[in-house]
Asks: 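Take a look at the following structure, please.
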Amino acid sequence: MSDIIQLLPDNVANQIAAGEVVQRPASVVKELMENAVDASASHIKVIIRDAGKTLIQVIDDGNGMSSTDARLAFERHATSKIRTADDLFCINTNGFRGEALASIAAITHTTIKTKQEDQELGTQIKIHGGEVISQDVIATTKGTNIEIKNLFYNIPARRNFLKSNAIETRHIIDTFQRVSLSYPNINFSLFHNDSEVYKLNAGNLRKRIVGVFGTNTNEKLVPIKEDTEILKIDGFITKPKFSKKKRGEQFFFVNNRFIKSSYLNHAVVNAYEGLLNHGYHPSYFLYLTVPPNSIDINIHPTKTEIKFDNERDLYAIIRSTIKHSLGQYNVAPVLDFERNATLDTPYALINKSSKAPTINVDPDFNPFKSNQKEIYHKKENSNWQSLYIESEKEQPIIQNIEVEAEIINNKLFDDSSDNEYNTTYQIHQKYIVSTIKSGIVLIDQNLAHQRILYEEYLAKLTMDGMDSQQLLFPIDVFLNPSDIEVLMGFKSDLKSTGIIISEVEKDRVIIDAIPITIQQNQIIGFIEELIENFKNEVPESSLSQIDTIAKCLARSLAIKSGSKLTNREQENIFNELFYCKEPNFSPFGKATFITITMEELEEKFNL
Ligand code: ADP
Ligand code: MG
């Protein structure tokens with residue numbers, strides 16, 4: 001038998017390695033931005049075309065490379081950042097593996113231009129799929145300008161697996177945010193298809209956070225500072241009242257590297273104990289500095305998890321530091337000497353001249369009209385009075401209940417129950433109880449109402465859209481740019497809900513009209529929730545987008561647990577739930593009601 005083992009040619013080996021380092025356009029953005037940071041750049045410009053699928057370009061004014069180095073940089077394991085194994089324990093650069101450029105060049109059309117400060121002329125190298133096409137001497141400015149075109153052009157399977165432009169762009173923006181938050185002292189800009197998404201000037205951390213997440217973030221921040229032997233903490237958390245329904249803006253940086261840690265996240269959330277409403281999350285931007293030898297430095301470029309030697313101690317320090325700051329903040333306003341005065345002017349007022357106050361009179365105001373609303377909004381087309389007046393006609397209400405075969409063919413209400421008495425009761429302002437022939441039914445008011453609204457909205461959205469009300473004063477919704485990208489991805493479907501967005505800016509959208517079913521003060525929460533759902537569920541087709549919108553509308557607007565319901569409201573929910581096509585489950589798949597049969601009850605008493 002002849003020998004059959006061969007060493008893979010470099011470009012094949014690089015292509016295989018590339019699959020690990022480069023998962024999507026955002027991975028390239030991360031590597032190139034980090035290289036620019038490592039090269040001590042003070043200005044880093046990122047240019048993207050078609051969500052990075054056709055072009056990713058990073059221009060820096062850092063140290064640049066000599067012509068030999070520029071050539072060598074594309075070899076595997078070529079790095080200027082470590083020399084010996086010992087260096088691994090005191091890494092203070094982003095890169096150190098020397099893999100990124102070789103990997104990226106193996107699967108793209110790459111052009112690099114680079115020049116060191118003291119050189120007259122610079123170097124340009126073109127590489128296609130790992131093969132050097134040309135190397136030239138060129139005139140260029142100090143620093144490095146690297147252009148990556150046609151990602152995965154030679155691995156069609158990978159290219160086909162890239163997600164929609166909206167999703168890939170979101171990943172890029174997430175990456176850009178993480179790197180730019182790590183280095184507030186560097187100027188960063190991001191352009192997508194020629195429009196400027198971010199222009200962040202160097203400054204302090206507060207200014208950077210505000211630059212990334214919008215001017216209205218400023219008032220929300222509470223500074224955090226602690227210095228112990230094993231851990232130094234810097235950064236900001238948000239005041240409890242600004243906590244959000246979505247997890248969005250939660251950032252840990254360890255030694256300037258963005259990491260995810262559900263354990264440390266728990267420490268933060270735990271410190272807010274008693275200050276957050278159920279289901280709300282604080283935002284935080286926490287910069288942890290630990291001795292480099294207390295973490296596992298062998299972090300894979302695509303991983304954001306990290307191993308600490310002393311996780312429990314860190315947990316305790318983080319928790320108590322945050323608790324302390326929240327306590328202080330609650331007692332006295334925070335003194336922040338880093339504060340930048342221009343940040344304190346509300347965004348919309350900075351460029352506006354003052355206006356004489358006007359008095360608005362509502363000609364329709366009627367002091368005798370009660371404005372007490374029933375919490376449960378009646379459907380326009382359902383006529384609950386008829387349920388009372390003509391209750392005989394309405395009797396076979398629950399034809400399609402699927403709980404038990406026995407019920408399906410029977411009348412729901414126990415015949416013996418006297419109509420003068422309530423047929424439903426509310427317990428703990430959470431469940432509606434009623435008797436049915438086979439026993440009792442317990443309905444979760446919130447989940448049931450979600451189901452009812454969901455079916456109603458879905459029908460309306462797919463038929464002719466929901467009615468909307470024009471707002472007298474448009475609402476500004478401040479969002480971070482990646483969320484705006486997500487929102488814009490389903491703008492047309494949003495329109496059918498009655499939400500009309502008139503203007504889109506870098507960090508906010510202006511809403512001109514909202515659905516009639518929604519209160520003005522609910523709209524921001526609703527939009528945040530919608531974005532979060534879209535991020536998690538990633539609906540690709542328009543139909544599933546409408547479905548997601550209907551679900552979120554239903555969840556936002558359904559009566560909540562803890563709301564007291566009148567008897568009428570209870571009965572409406574009861575009846576309308578069982579009119580639904582799928583009464584058994586909430587739109588998010590939870591059971592809307594449970595039944596307890598007489599046998600089950602009797603069994604309990606005969607124990
Ligand atoms: P690593 O960053 O792990 O060292 P890379 O493949 O990302 O590996 O880069 C290889 C080398 O190329 C770096 O060590 C650095 O010396 C050089 N390099 C890469 N990008 C730049 C840049 N923007 N400016 C200057 N040098 C760079
Ligand atoms: Mg690198």
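Counting starts at 1 for both ligands and their atoms, in listed order.
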Asks: Is the shortest heavy-atom distance from the side chain of V268 to the side chain of R319 under 4.5 Å?
Replies: no
Asks: Checking ring pair (Phe, Tyr, Trp, His ring centres under 6.0 Å) against Y284, which of F251, F213, F242, F252 comes through?
Replies: F252
Asks: Counting N and O atoms only, with roles assigned by atom type, does the side chain of Q119 sit under 3.5 Å from a partner on the main chain of Q116, one being a donor and the other an acceptor?
Replies: yes
Asks: Test of understanding: with salt bridge (charged side-chain N to carboxylate O under 4.0 Å, His left out), list the residues that count as partners of D61, not counting sequence neighbours.
Replies: none
Asks: Roughly how far, to the nearest 0.5 Å, is CD1 of I233 from CG of L288?
Replies: 6.0 Å
Asks: Taking only protein atoms, how many N, O or S atoms are found under 2.8 Å from the Mg ion (ligand 2)?
Replies: 1
Asks: Is it the side chain (CB and beyond), the backbone, both or neither of A39 that lies under 4.0 Å from ligand 1, heavy atoms counted?
Replies: side chain
Asks: Atom NE2 of H192 and atom OH of Y198: how far apart are they, to the nearest 0.5 Å?
Replies: 14.0 Å
Asks: Pick one of side chain, backbone, both or neither for how D60 approaches ligand 1, counting any non-hydrogen atom pair under 4.0 Å.
Replies: side chain
Asks: Can you tell me how far CD of Q177 sits from CZ of F258, rounded to the nearest 0.5 angstrom?
Replies: 10.0 Å
Asks: Angle between ring planes, H128 versus H109, binned at 30° and 60°: parallel, tilted or perpendicular?
Replies: tilted
Asks: Within less than 4.0 angstrom of ligand 1, does M65 place any heavy atom?
Replies: yes
Asks: Could you tell me which atoms of ligand 1, counted from 1 in the order shown, lie closer than 4.0 angstrom to a heavy atom of A100?
Replies: 6 (O), 7 (O)
Asks: Is there a heavy atom of G98 sitting under 4.0 angstrom from any atom of ligand 1?
Replies: yes
